[in-house]
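A note on names: the letters A, B, ... follow the listed sequences, proteins ahead of strands, and every chain is numbered from 1. Scope of the values below: all heavy atoms of this structure, side chains included, with no hydrogens, waters or symmetry mates.
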There are 2 protein chains.
Amino acid sequence: MFEHNSRHNNNDETVLPIPSNNETSYFDESWTEDDLKQIIRKMNLKVTPQRILILQTLHEGRVHITAQELYEKVQKINSDVGFATVYRFLKGMAESRVVTELRMGSMPTRYELTPKKHHDHMTCTACGKIVEFQNKNIEDHQEKVAKQYGFKLTHHVLELYGICTSCQMKK
Amino acid sequence: MFEHNSRHNNNDETVLPIPSNNETSYFDESWTEDDLKQIIRKMNLKVTPQRILILQTLHEGRVHITAQELYEKVQKINSDVGFATVYRFLKGMAESRVVTELRMGSMPTRYELTPKKHHDHMTCTACGKIVEFQNKNIEDHQEKVAKQYGFKLTHHVLELYGICTSCQMKK
DNA sequence: TTCTAATTGAAAATGATTCTCATTACTAGT
DNA sequence: ACTAGTAATGAGAATCATTTTCAATTAGAA
Ligand SMILES: [Mn+2]
Ligand SMILES: [Mn+2]
Ligand SMILES: [Zn+2]
Ligand SMILES: [Zn+2]
């Protein structure tokens, strides 16, 4: 049904709202080293080989990755990267909204490069599958609520939890 | 504007969608010891003085409380309560949905007795004020999304973040 | 190239939450 | 009310993701 445009990983299947055949990269576009440097500079950070590698690995790898997982991936390529740097850089990128943090329950934080078109997540509590979705209606109503209370919204967290189709059938 | 029906606490102002004059208790109704015992038994847990006290304190105290804060409150009344018990009981209550966990950013988890009528939260990132709101439209659209992907929803997390009116004026 | 603040890695620290385990307290069944 | 069998408790240790420290290194402006 929606298996055709999904990339999965045992316990973390992601379904994009937009069809894609690319199995390894979140974005269809690929980033050159200059692209990477630009992104880092835009955050008012100095360009270092560590940051380039971390950002590149994040971009090429699977979405919804933990700091630990990213650290291990990066380690295999260049062991001159400490995990403090991975955490620090992820934190910085989250602050400048280059990456988005996903805090699901009490699990370790997962990160994804902030996509141009915002999406939210629906997670199967039985198997961990993550479905990404976009819903303009919900977003609009959120703005209405904010306006109603005089708030100026900066961001939001919307996570739906439930049981996916296949887990429903399993029992 | 909406100050008239709010209970606040320095860094945590809550605005209820339903008018209320009660400044100390989340619910208008008060709970007798028997009420408390009933609630505990319904969770298939044994009734102990610790659990009664914890639940009572949670009910009478401010909403959106941390485990630590609750532990300290309870300590003042009866020091025969360990903080392991507070954590354990809160966890149990969360599992049986008697309390709801609020994980805002990376701050310690806050708890509130699950209200009969569900609500979500909007938080001011400048001053920490928390506004509670209900929005049937959003809830309905969430169900639509779930149905669209074949999910059976169990619960959800919706948190709006932004700047409240007074913080907007301060700068 | 030089200078200086930013960055880094290793290790220690932190802090919320969970676990261990010996002791105590419920409560169903008598 | 009594008791056995099990659940619950508190103190402190353990966990574990994340952050901080700090001395050494490096990026990049001048
Ligand atoms: Mn995503
Ligand atoms: Mn609330
Ligand atoms: Zn599933
Ligand atoms: Zn504010």
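Under the ring-ring contact (aromatic ring centres under 6.0 Å, His included) criterion, A:Tyr161 pairs with B:His155, sequence neighbours left out.
Put simply, CD on B:Gln75 is 14 Å from P on D:dT9, counting in whole angstrom units. Following rounding to the nearest Å, B:Asn78 (CG) and C:dA25 (P) show an atom-to-atom distance of 12 Å. As a whole-Å value, the separation of A:Arg110 CZ from D:dA17 P is 11 Å. Rounded to an integer number of Å, the gap from A:Met93 CE to C:dT7 P is 13 Å. We find that CE of A:Met104 is positioned 15 Å from P of D:dA17, with the value rounded to whole Å.
Using a cutoff of 4.0 Å between basic side-chain nitrogens and carboxylate oxygens, B:Lys73 and B:Glu69 are not scored as salt-bridged. Remark: B:Glu112 does not engage B:Arg110 in a salt bridge, criterion side-chain N to carboxylate O under 4.0 Å.
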TODO: Under the side-chain contact (heavy atoms from CB on, under 4.5 Å) rule, what do B:Gln56 and B:Leu53 come out as? Steps first, then yes or no, please.
DONE: CA-CA 5 Å; B:Gln56 188 177 52; B:Leu53 178 56; 4.2 Å; yes

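The only member of A:Ile39, A:Thr114, A:Leu90 that meets side chain to side chain contact (heavy atoms under 4.5 Å, CB included) when paired with A:Val98 is A:Ile39.
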Task: Protein-to-nucleotide contact annotation, 5' to 3' order, nucleotides 15-23 of chain C [B base; S sugar-phosphate only; - none; under 4.0 Å, heavy atom] - done: -SBBBB---

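Near DNA chain C, meaning a heavy atom under 4.0 Å away, the residues from residues 40-56 of chain B are B:Lys46, B:Val47, B:Pro49.
Residue B:Tyr111 comes nearest to B:Glu101 through the heavy atom pair CE2-CG, 3.6 Å, listed as atom of the first residue, atom of the second, then distance. The shortest non-hydrogen separation linking B:Met122 to A:Ala146 is SD-CA, 3.8 Å.
Follow the hydrophobic side-chain contacts under 4.5 Å out from A:Leu102 and you never reach A:Val63; the two are in separate clusters.
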